[in-house]
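The next block holds one structure in the form of structure tokens; read it before the comments.
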Amino acid sequence: MKSQKARRILSNTIIYIILGISAVIWVLPILWIVLQAFSGEPYSTSQGRLIPQSFSFENFALLFNTGAKPSWAGANYNSAHDAVHLWDPTNNIVMTGFSVWLINTLIIAVIVCVINTVFVLAVAYSLSRFRFKGRPMFMKLNLILGMFPGFLGMIINYNLMKYVFNLQGSIWALVILYSAGSGMGFFISKGFFDTVSKSIDEAAMIDGANRAQIFWNIVLPLAKPTVVYTLLTSFMAPWGDYITSSYIIGLQNSENWTVAIGLYKWATDGINYKPSYYTRYAAGSVIIALPLSALFLATQRYYVGGVTGGAVKG
Amino acid sequence: MEKEETNPVAVSAQMSSQVDNEPEPRGAHFRHSLADGLYSLGKSILGFLLDIVLSLWNIVKIVGRFFATLGKNVRKFCLNIGHMWRYNDVWGRASFFVFGLSSIKHGQIVNGVLYILFEIGYIVGFALNGVPFLRMFFAPQIGTPATTVVEKQCIGEGEFAMCIDVEVQKEGFNSVIVMIVSILWLMSIALFIFIWLRSIKAGYNNYRIAHFVEFDKRTKVADAASKRIYEDMETTGLFQGASVTALKIRYKESYDEVEAAEESKMDKQWGKYILDNTITESRRQHKELFNLRAKKVKLDRKAEAYNLNGRYTAKQDIAEGKYQIIMGEYKSWMTLAEEAERDGNSQKAENYRKTARKVRVKALDVQNAAVNRRSRHNARHETIAAKSRLTAAKIVDLEKSSTYFAQVLDVKNYNTYGKFNDFYLHRQELKEQQSFYHHFEAILNEYDNGLNTYEAANEENVKIREGIVEKHNKDLAEIEEKYIGIEKRRSDLEAGYAEEKAKLSAGEISKEEYIDHCKTIKGKVLALPSKKEVRQSKKEDIKNANHAFHRDYNGIKVNYTAEEYAVYCATNYMIVELEFPYALAKKYVKEIVNPEMNVETAQAKEREIEVEIENYSTNNPEKFVGKPKSFKAQLKSLTNENFHITLLALPVLGVAIFVIMPLILSILVGFTNWTKDNGPGTINTFGWIGFDNFGSALGMASGTGAEVGQAMVMMLVWTLVWAILATFTNYFIGIIYALMINKKGIKFKGFWRFVFVLSIAVPQFISLIAIGLMLSRYGALELALNEVGGTLHFNPDVVANEGEVIPTKAIIVLVNIWVGVPYTILQTSGILLNIPEDLYESSMIDGAGPGTQFFKITLPYILFVTGPSLIQTFIGNINNFGIIYFLTGGGPYYDIAGLNPKIGYTDLFITYIYRLVTSVGSQKYGIASAIGIVVFILCAFISMIMYNRSSSISQEDQFA
């Protein structure tokens with residue numbers, strides 16, 4: 001009996017040690033970003049120590065200095081600066097477009113989140129409650145589309161936006177692309193609708209409600225968690241997407257960039273493999289990651305339910 | 001899918017059945033699990049090879065089936081079109097060519113006009129825009145290049161004009177635009193065909209609705225013959241051997257008979273149509289039923305034979321014999337030990353006991369093997385039996401639904417075309433009324449009867465109520481007793497601990513024996529439901545009992561007034577004996593209470609209605625005007641039975657234009673020579689080059705071909721290795737972390753979980769860039785390490801430094817663990833909490849260590865729940881762009897001269913495609929697309945293999 005207890009204590013200690021080390025490893029990059037955001041070191045002298053030698057709020061102040069031309073600005077706007085930053089030696093400030101990028105991304109995220117939610121819920125509901133021709137095909141389509149490297153389609157979409165819709169480098173092109181294909185992401189919501197009992201529908205139908213009324217007045221209120229989940233995930237997506245946005249908007253139109261493009265540029269632009277603006281990247285990251293992380297942590301239980309629920313259904 | 005049928009539960013059942021009274025020594029268990037592990041490893045390797053072969057075969061089968069069904073469907077489609085042409089009037093046939101003519105004729109004017117407008121608009125648009133684009137699309141060079149035209153440009157007017165020749169560039173259609181527009185046109189042809197079919201169908205439906213009565217009559221004429229043929233085929237069994245032509249000759253008489261009975265030419269044709277279809281349909285139905293029955297017999301026989309399997313019983317007998325022999329040996333060792341003890345030689349006794357214990361382990365081994373064999377045998381038998389049950393269910397369904405063709409057609413008639421038949425409905429209503437008055441006397445009798453006997457009924461009901469109360473009390477007492485019994489047994493067993501302890505302190509038993517006995521007792525206690533379970537299940541039982549009681553008790557009425565009871569009796573009679581619908585019975589029963597009604601007036605009323613029906617039928621035989629749905633009604637249906645069309649329209653349009661169209665197009669681009677020099681934005685065009693891109697991707701182009709080919713093969717290998725490593729490291733390490741966090745006795749569970757989830761919460765590209773920065777040359781980690789004297793290089797941009805390839809790859813995999821493990825933890829934590837606790841406890845009694853528990857309980861359980869999503873994770877990892885792109889960008893690179901862009905050691909296909917397209921000075925879209933097609937085929941093949949595996953599992957689940 002005694003040896004068993006000793007063994008348990010030993011194994012628990014080992015687990016605590018492993019978990020402790022892992023916790024440090026897992027938090028380190030995030031902690032590093034936060035530390036760099038408050039770093040007071042000049043931006044090109046070091047390459048980011050683990051712990052900066054001095055601290056200041058300067059990086060955050062620099063973020064919101066004036067910068068790139070907003071897309072709604074007048075025609076005479078003079079953008080004589082290069083894409084990422086402007087070094088103004090006389091006033092000794094660095095100008096950035098961060099606030100413009102923030103607003104761009106916010107506009108995209110809000111619109112996309114509304115359209116996506118409507119699309120996803122519409123598709124999920126009709127696949128859950130209606131049996132029509134082509135339904136099985138639509139369900140399988142998603143799997144097949146996932147196997148093809150999505151980037152190739154993006155090339156075509158870029159040309160489509162540029163030459164057919166005349167939207168090159170515009171945030172509206174991104175809005176269209178983000179929301180157009182969103183109907184394919186119906187799996188989690190469909191799983192949820194499947195769990196809402198059909199007898200409720202039938203009861204309502206006997207009472208004379210039509211399908212549209214059932215959807216709006218009966219099923220949607222019951223499916224509030226999945227509505228919230230879809231809203232939040234589609235709101236979060238544009239903030240973290242670099243590849244699509246950078247390809248569609250292009251690296252020249254810095255006034256139309258999203259936050260992701262700007263941050264990536266800051267993190268990687270530099271001399272001799274030395275990124276020069278990583279502190280500003282860190283500050284910007286902190287600003288956008290804070291609300292997004294909070295949103296995610298608030299909704300993670302839906303995420304877990306969605307993943308495992310979908311898995312059980314096979 | 002039923003969760004209860006899974007492996008882990010079955011495993012636990014076996015385990016706990018093995019527990020019995022004899023705890024098993026630990027060594028045996030280890031040996032078992034090792035042997036089992038080796039066995040299953042060998043099995044899974046063999047199985048994997050078999051799966052590859054099987055999935056190849058499956059692909060052949062799927063392709064074959066695809067073409068077979070395609071052929072069948074095309075034939076069906078053509079027959080259908082022919083049918084709609086043949087049984088139609090001029091307007092219906094005209095709407096084959098001019099959409100919507102039939103709709104206009106039959107009052108759907110808005111529909112018709114819309115159809116016609118669409119047709120004209122589409123044809124004009126196609127002629128003006130579609131044809132030129134498609135012509136360019138199918139030409140060897142897609143699109144038209146820009147041309148320079150010399151134009152005269154003048155300044156000033158009249159004689160003072162100064163004119164010069166200026167070269168002006170006139171833009172052509174660039175190839176990509178031509179492709180996009182052409183594909184959109186090609187996709188629109190599908191829409192056009194869809195609308196065409198709708199118009200044909202509308203024409204046919206209109207005709208059928210307008211001529212509903214005629215078709216009804218025609219079908220009725222052929223009804224008897226159709227039924228006769230159906231039954232004849234069943235009794236004679238002709239559905240097996242005879243061909244359709246032979247059957248037609250056999251039933252010539254029926255054909256003649258129907259032909260004679262029908263009048264016009266179309267009538268006769270319709271009769272023939274019914275009989276033809278009767279033959280084919282009956283043949284199909286009977287055949288299917290026959291095959292199913294045969295299959296069931298075969299399965300039953302197989303199950304029986306399996307049970308009587310001689311080898312199995314022989315093996316079990318041998319095992320039983322062996323067990324007896326070994327146990328005999330064990331007993332003799334034990335008696336020797338006892339004798340030695342009696343002689344006072346305790347050392348010798350101990351030695352004998354040790355040998356005895358070893359022998360007993362052997363016996364347990366034999367017994368375990370036998371139990372395993374039995375459970376395997378039973379499981380297989382159960383699978384066959386389940387298949388047989390499924391077949392039986394199918395047979396019942398089919399027997400219920402199968403009927404002769406004329407009947408099918410009749411039902412379809414009324415459902416599809418007859419619902420607008422107001423005349424029919426009205427007559428039905430009258431007939432019901434008539435039936436009520438016809439039976440008025442009987443119903444009145446019941447009513448009077450009720451008036452007289454209501455007191456007796458009340459008394460009776462009071463008695464029944466008393467009975468219900470009594471039964472309820474008895475039920476409650478039984479429940480109480482049952483659970484008290486469990487608790488008593490538990491306390492009895494637990495008292496055993498004290499007894500054993502007393503024995504130990506008295507020196508009657510050794511310490512080892514004491515532990516053994518305690519384990520046995522604990523096993524028995526654990527076999528009982530836990531206290532919490534008892535409480536819950538008792539609560540549930542009582543709740544159910546109460547519910548049933550209230551339902552029964554309230555369902556019985558005791559305070560009937562005379563009239564209430566009489567009405568109840570009359571309604572009951574109408575519903576049960578006369579088969580009135582409930583609502584109608586309620587409605588008509590009011591007539592009984594009407595003081596003006598008596599038997600005579602009822603009879604008079606019956607006659608009245610009879611006359612009315614006759615009049616209605618003679619006066620309004622042609623009154624039936626089938627009216628197609630109005631446009632307004634169709635619009636309204638978009639919010640009701642066709643609501644899904646409203647919901648799906650925009651999303652599907654979006655998917656078609658922005659997902660499917662680009663996908664088709666990028667497949668096509670793989671067969672063109674689109675590069676930087678001839679794409680949009682240049683004055684050139686590109687064209688079709690067949691399979692050349694695939695050749696140059698594989699290094700068959702001139703120059704540095706062989707090296708490129710080698711590098712591409714290495715890229716394929718690395719992509720696969722990466723996908724496997726990334727998927728499985730994340731999966732297993734994640735499970736281990738989840739187990740550690742959720743282990744009993746570990747504190748701050750919420751905190752540990754939060755730490756891991758935090759790394760998901762931060763957007764991935766942010767954390768990946770941060771890690772990339774920290775790992776880069778002169779990065780934070782290198783600086784920190786330099787200070788303590790270490791070195792670390794993660795500098796993927798250097799060319800082909802062989803020494804750095806492996807560390808770079810390792811670091812990528814490690815970073816991927818950093819990224820992916822939290823996801824697994826998040827997923828599996830919930831699942832781990834769902835695994836029943838006693839599975840572990842009972843297996844612990846069984847002597848299973850943590851390792852065995854993990855492999856026998858935890859892993860199978862988690863695999864069952866998350867297994868299907870592993871396939872998608874694997875495919876996702878093949879196309880995992882972000883991590884490679886943000887960390888290394890593909891480097892370090894192979895040193896191949898003249899290749900732009902360079903191939904990297906850590907390149908996956910997807911990242912190389914990205915660089916092929918984006919790197920300055922290359923932009924080889926054609927080759928990129930060709931590689932994309934290869935990736936697609938690879939993914940499809942892999943998921944086919946995986947699907948093959950998992951489908952066999954899921955199919956078994958269906959039978960349970």
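In this text, all values refer to a predicted model and were calculated from it rather than measured experimentally. Quick note on labels: first sequence line is chain A, next is B, and so on, each numbered from 1.
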Between A:Tyr264 and B:Phe765, is there a donor-acceptor pair closer than 3.5 Å when you use the side chain of the first and the backbone of the second?
no
Does any heavy atom of chain B fall under 4.5 Å from the side chain of [X], the backbone, both, or neither of them?
X: A:Leu177; result: side chain
X: A:Leu19; result: both
X: A:Ile155; result: side chain
X: A:Tyr163; result: both
X: A:Trp26; result: both
X: A:Ser182; result: neither
X: A:Phe148; result: both
X: A:Ile115; result: neither
X: A:Phe119; result: both
X: A:Ala260; result: both
X: A:Ile25; result: both

Give the C-alpha distance, both sets of side-chain angles, the deciding distance and a yes or no for side chain to side chain donor-acceptor pair (under 3.5 Å) between A:Asn210 and B:Lys636.
CA-CA 10 Å; A:Asn210 64 25; B:Lys636 223 175 173 182; over 6 Å; no
Using non-hydrogen atoms and a 4.5 Å limit, figure out which bit of B:Phe751 sits close to chain A: side chain, backbone, both or neither.
neither
Heavy-atom distance under 4.5 Å to chain A: side chain of B:Met661, backbone, both or neither?
side chain
Take a 6.0 Å sphere around CZ of B:Phe658 and say whether it holds more than 12 heavy atoms from other residues, nucleotides or ligands.
yes
CZ (A:Phe132) with more than 12 external heavy atoms under 6.0 Å:
yes
Answer yes if the ring centres of A:Tyr247 and B:Tyr914 are under 6.0 angstrom apart, and no otherwise.
no
Residues of residues 281-288 of chain A under 4.5 Å from chain B (heavy atom pairs)?
A:Tyr281, A:Ser285, A:Ile288
